[in-house]
Amino acid sequence: MSAKTENLFEKKLARLQEIVAALESGDLPLEKGMALYKEGAGCARYCRQQLDKARHELEVWQDGQARPMPGQGGQGGDGPGSYPDDEAEEAEEA
């Protein structure tokens with residue numbers, strides 16, 4: 001991520017946290033809550049896109065070969081969208 005994109009990511013993430021706190025308080029009129037929810041969805045979408053871009057750029061060196069990071073929809077790693085800790089959590093849930 002460039003410095004400009006990283007700064008915007010941090011601002012959007014901070015704004016998303018503010019929105020979540022306001023919505024969780026439950027003290028908002030319906031119209032204001034709906035507007036904040038929509039704004040929050042936009043912030044979350046932007047942050048997710050930036051994280052996906054960053055994840056795509058990273059690689060993990062495994063077994064002497066460069067491989068995509070785990071969690072990229074089945075492109076390397078232990079399975080689609082999985083991280084090593086995810087398997088332990090899934091086993092506990094079963």
Side-chain angles (χ1 to χ4, degrees):
M1 281 190 266
S2 71
K4 184 178 178 182
T5 302
E6 189 170 318
N7 189 29
L8 185 55
F9 174 85
E10 296 297 330
K11 286 181 180 180
K12 294 274 187 180
L13 184 59
R15 179 63 181 145
L16 180 58
Q17 291 170 337
E18 292 171 2
I19 291 169
V20 168
L23 291 173
E24 286 179 342
S25 75
D27 296 331
L28 300 170
L30 179 61
E31 294 80 15
K32 178 71 173 174
M34 293 290 290
L36 282 176
Y37 181 86
K38 289 177 183 178
E39 181 185 352
C43 290
R45 184 174 33 257
Y46 176 83
C47 290
R48 170 60 62 193
Q49 289 170 345
Q50 295 307 309
L51 289 171
D52 287 344
K53 286 179 187 177
R55 183 178 291 127
H56 181 54
E57 293 176 11
L58 295 175
E59 292 184 340
V60 176
W61 189 262
Q62 297 175 345
D63 300 325
Q65 296 181 2
R67 298 184 184 203
M69 279 188 64
Q72 293 190 24
Q75 299 176 1
D78 297 317
S82 68
Y83 290 89
D85 291 341
D86 290 347
E87 291 176 9
E89 290 174 9
E90 289 171 6
E92 291 174 5
E93 293 173 2

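Note that the coordinates shown come from a computational prediction; the quantities given were computed from them, not determined experimentally.
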I'd like a table of donor-acceptor pairs (distance under 3.5 Å, sequence neighbours excluded) in which one partner is a side-chain atom from residues 23-37, with atom names and distances.
| residue | atom | partner | partner atom | Å |
| --- | --- | --- | --- | --- |
| S25 | OG | A22 | O | 2.6 |
| S25 | OG | D27 | N | 3.4 |

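Atom CG of residue L16 and atom CD of residue E39 lie 9.5 Å apart, to the nearest 0.5 angstrom. Here K11 contributes atom NZ and C47 contributes atom SG; the two are 13.0 Å apart, rounded to the nearest 0.5 Å.
Considering only heavy atoms from C-beta on, R15 stays 4.5 Å or farther from K12 through its side chain.
For the salt bridge (Lys or Arg N to Asp or Glu O under 4.0 Å) test, no residue two or more places apart in sequence or in another chain qualifies with E10. Scanning for side-chain contact (heavy atoms from CB on, under 4.5 Å) contacts around D52 gives R48, R55, with sequence neighbours left out.
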